[in-house]
Amino acid sequence: MAYGQIRKIAVIGSGTMGHGIAELSAMAGFETTMIDVNEELLKSAMSRISASLEKLRSKGNISDTSAVLSRLKTSIDLEGSVASSDFIIEAVPESIELKRNVFMRLDRSAPRDAILATNTSSLPITEIATVTERKERIVGMHFFNPPVIMKLVEIIRGKYTDDQSVKEAYELARKFGKQPVVVKSDVPGFIVNRIIARLYNTACWIVSSHLASPEEVDATSRYILNFPMGPFELADFSGIDTIYYMLVAMKEHGFEINLCDMFERKYRSGELGVKSGIGFYSYAGGKPKMPADVAGRVDPLYIIAPIVNEASWLISHGIASRDDVNKAVMLGLNYPKGPFEYAKQFGVDKVIQKLEELRRKTGWADYDPDPGIAEYVR
């Protein structure tokens, strides 16, 4: 396939991410096939796509839903459906074994020059690629939920991924109306999840150490730092089980972190957040209100310093550019500014001092200040 000649796209999986990616593909003008294991799943996914398109039409974002739907087919025949595809995006659940099994099947059935992308939030692209005979054509495309709304896509280069595959994935994301960033090396958690993992873990330590309550951490995040949600609110909304699985998977694949055990305890007790009615907050009476009067009872530098440090590490180790790190944080987490702007606001010296304080109090090397922080802030 010559560069820029993508015409047919297949999406494997019709769940929350899969049906959203298929909708994006059809909206962008591509002939799209959405594939899953049974017709009921596909029927449900098509219903959700139709509702989403109708909502977009009512807001004036698209003019004709029927034209989009005419470009979208469904199938339960994976091998037959990908046989003529130019670009395939896998969006099955976050299980390395499940994804490797899908890629073995795709490798046998897809055209030899087709690019195979995995929509994973933290699993290693390289490990998935090794089950294929086209390791250079395997690339990561991490869409954010919901895919139709969220603008960020992380494009991840595996150990063997060639330049053309990265370039094709990047340009495809742009044609989908997204703002892609490139993750130059296959590290656990890529950009956004590495940064949010540091925030989750530090917030957990703050509460476990009785320095502040979840409400005080979240209120400070919201009302002083202007985050859309505090870390405990976000964990409840995302699902504490999802956060726990992500942190454990990242650690198992080489992310150096001393995990605070609060997320595991919540997970083991079945307190999973909104989905179970209780997590760090109770949802028995609806969504709880976040009290503004407790904002500032925890030093906001406790929240900012680990984020800045991980952002600096990503640049120092050649994982991503400074601009892409800032873009990823602002688009993927909806923060009003990038980590280095926060460091400027509070003072880079104070950021480093807070990291050194965290290192002393926890004994965790996670907080060793990255040598490049001052340079990147400047």
Side-chain angles (χ1 to χ4, degrees), residues 8-78 80-82 85 87-95 98-99 102 106 117-121 141-154 172-173 175-180 192 228-229 234 236-239 241-243 245-246 272-277 283 286-287 331-332 334:
K8 295 181 179 181
I9 293 176
V11 179
I12 315 300
S14 64
T16 301
M17 300 305 294
H19 86 266
I21 295 167
E23 181 180 348
L24 284 172
S25 176
M27 286 171 61
F30 293 98
E31 186 178 327
T32 306
T33 303
M34 181 170 59
I35 303 161
D36 215 320
V37 294
N38 66 58
E39 296 287 359
E40 284 302 311
L41 291 172
L42 291 167
K43 183 179 178 181
S44 173
M46 287 301 297
S47 177
R48 284 178 286 172
I49 289 172
S50 295
S52 172
L53 290 172
E54 185 56 36
K55 190 173 182 179
L56 292 171
R57 189 202 61 77
S58 69
K59 292 181 177 181
N61 294 324
I62 60 173
S63 58
D64 186 2
T65 62
S66 60
V68 176
L69 291 170
S70 71
R71 293 189 287 268
L72 181 56
K73 299 185 298 183
T74 63
S75 176
I76 58 172
D77 176 12
L78 184 147
S81 298
V82 303
S85 298
F87 199 105
I88 301 162
I89 304 172
E90 165 272 310
V92 303
E94 286 283 272
S95 159
L98 177 58
K99 288 180 183 287
V102 168
L106 292 175
T118 174
N119 174 57
T120 176
S121 61
M141 281 187 88
H142 176 207
F143 290 80
F144 285 71
N145 189 27
V148 175
I149 295 173
M150 295 294 283
K151 287 295 185 182
L152 181 67
V153 177
E154 291 178 321
L172 184 63
K175 289 174 182 175
F176 282 4
K178 302 305 172 185
Q179 295 189 40
V192 172
M229 286 185 177
L234 183 58
D236 272 4
F237 177 77
S238 302
D241 52 341
T242 301
I243 304 306
Y245 293 145
M246 179 191 80
L272 307 180
V274 175
K275 68 174 73 175
S276 68
Y283 298 88
K287 184 179 179 181
L331 295 179
N334 287 321

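This one's a predicted model, so the numbers in the text were calculated from it and none came from an experiment.
Here the CZ atom belonging to Phe143 is positioned 6.5 Å from the CG atom belonging to Leu24, to the nearest 0.5 angstrom. Summarising the geometry, atom CD belonging to Glu154 is positioned 10.5 Å from atom CG belonging to Leu331; distances are rounded to the nearest 0.5 Å. Between Ile243 atom CD1 and Asp236 atom CG the span is 10.0 Å, to the nearest 0.5 Å. The CE atom of Met17 sits 11.0 Å away from the CE atom of Met141 when rounded to the nearest 0.5 Å. Separation of atoms CG (Leu172) and CD1 (Ile9) is listed at 4.5 Å; rounding is to 0.5 Å. Thr118 OG1 to Glu94 CD: the interatomic distance, rounded to the nearest 0.5 Å, is 7.0 Å.
The two residues Gly13 and Met34 have their closest heavy-atom pair at O-CG, 4.1 Å. The shortest non-hydrogen separation linking Ile35 to Leu78 is CG2-CA, 3.9 Å. Ser14 and His19 get closest at one heavy-atom pair: O-CB, 3.5 Å. Taking both residues in full, the closest heavy atoms of Ile12 and Val102 are given as CG2-CG1, 4.1 Å, listed atom of the first, atom of the second, then distance. Closest of all the heavy-atom pairs between Gly177 and Lys151 is O-NZ, 3.3 Å. Taking every heavy atom of both residues into account, Pro228 and Asn334 meet most closely at CD-O, 3.3 Å.
Under the 3.5 Å distance criterion, the side-chain polar atoms of Lys175 are left unmatched by any main-chain donor or acceptor of Gly29. With hydrogens and angles ignored, the 3.5 Å screen pairs a side-chain donor or acceptor of Ser95 with a backbone N or O of Leu98. A donor-acceptor pair under 3.5 Å is absent between the side-chain atoms of Ser44 and the main chain of Leu41, judged by distance alone. For Ser50 (side chain) and Met46 (main-chain N/O), a donor-acceptor pair under 3.5 Å exists by modelled atom type.
Inter-residue side-chain proximity for Met27 and Leu56 is flagged as met; some heavy-atom pair is nearer than 4.5 Å. Between Leu69 and Ile49, the closest side-chain pair of non-hydrogen atoms falls below 4.5 Å. The shortest distance between side-chain heavy atoms of Asn119 and His142 falls below 4.5 Å. Between Thr33 and Val82 the shortest side-chain heavy-atom distance does not fall below 4.5 Å. Residues Phe30 and Phe87 have side chains not in contact (no heavy-atom distance under 4.5 Å, counting atoms from C-beta outward).
Under the side-chain contact (heavy atoms from CB on, under 4.5 Å) criterion, Thr16 pairs with Asn145, sequence neighbours left out. Every residue was checked against the side-chain hydrogen bond (donor to acceptor under 3.5 Å, both in side chains) condition with Thr242, not counting sequence neighbours, and none meets it. Qualifying side-chain hydrogen bond (donor to acceptor under 3.5 Å, both in side chains) partners for Asp64, counting only residues two or more places apart in sequence or in other chains: Ser66. For Ser81, the side-chain hydrogen bond (donor to acceptor under 3.5 Å, both in side chains) partners two or more places apart in sequence, or in a different chain, are Ser75. Partners of Ser70 under the side-chain contact (heavy atoms from CB on, under 4.5 Å) rule, at least two apart in sequence or in another chain, do not exist in this structure. The salt bridge (charged side-chain N to carboxylate O under 4.0 Å, His left out) check on Arg57 picks up Glu54, with sequence neighbours excluded. Residues that satisfy the salt bridge (charged side-chain N to carboxylate O under 4.0 Å, His left out) test with Glu90, not counting sequence neighbours, are Lys99. Not counting sequence neighbours, the partners of Lys275 by the side-chain hydrogen bond (donor to acceptor under 3.5 Å, both in side chains) test are Asp241. Remark: Met229 engages Glu233, Leu234, Phe237 in a side-chain contact (heavy atoms from CB on, under 4.5 Å) (not counting sequence neighbours).
Listed by first then second residue, pairs satisfying salt bridge (charged side-chain N to carboxylate O under 4.0 Å, His left out) with a partner in residues 21-44 number zero, not counting sequence neighbours.
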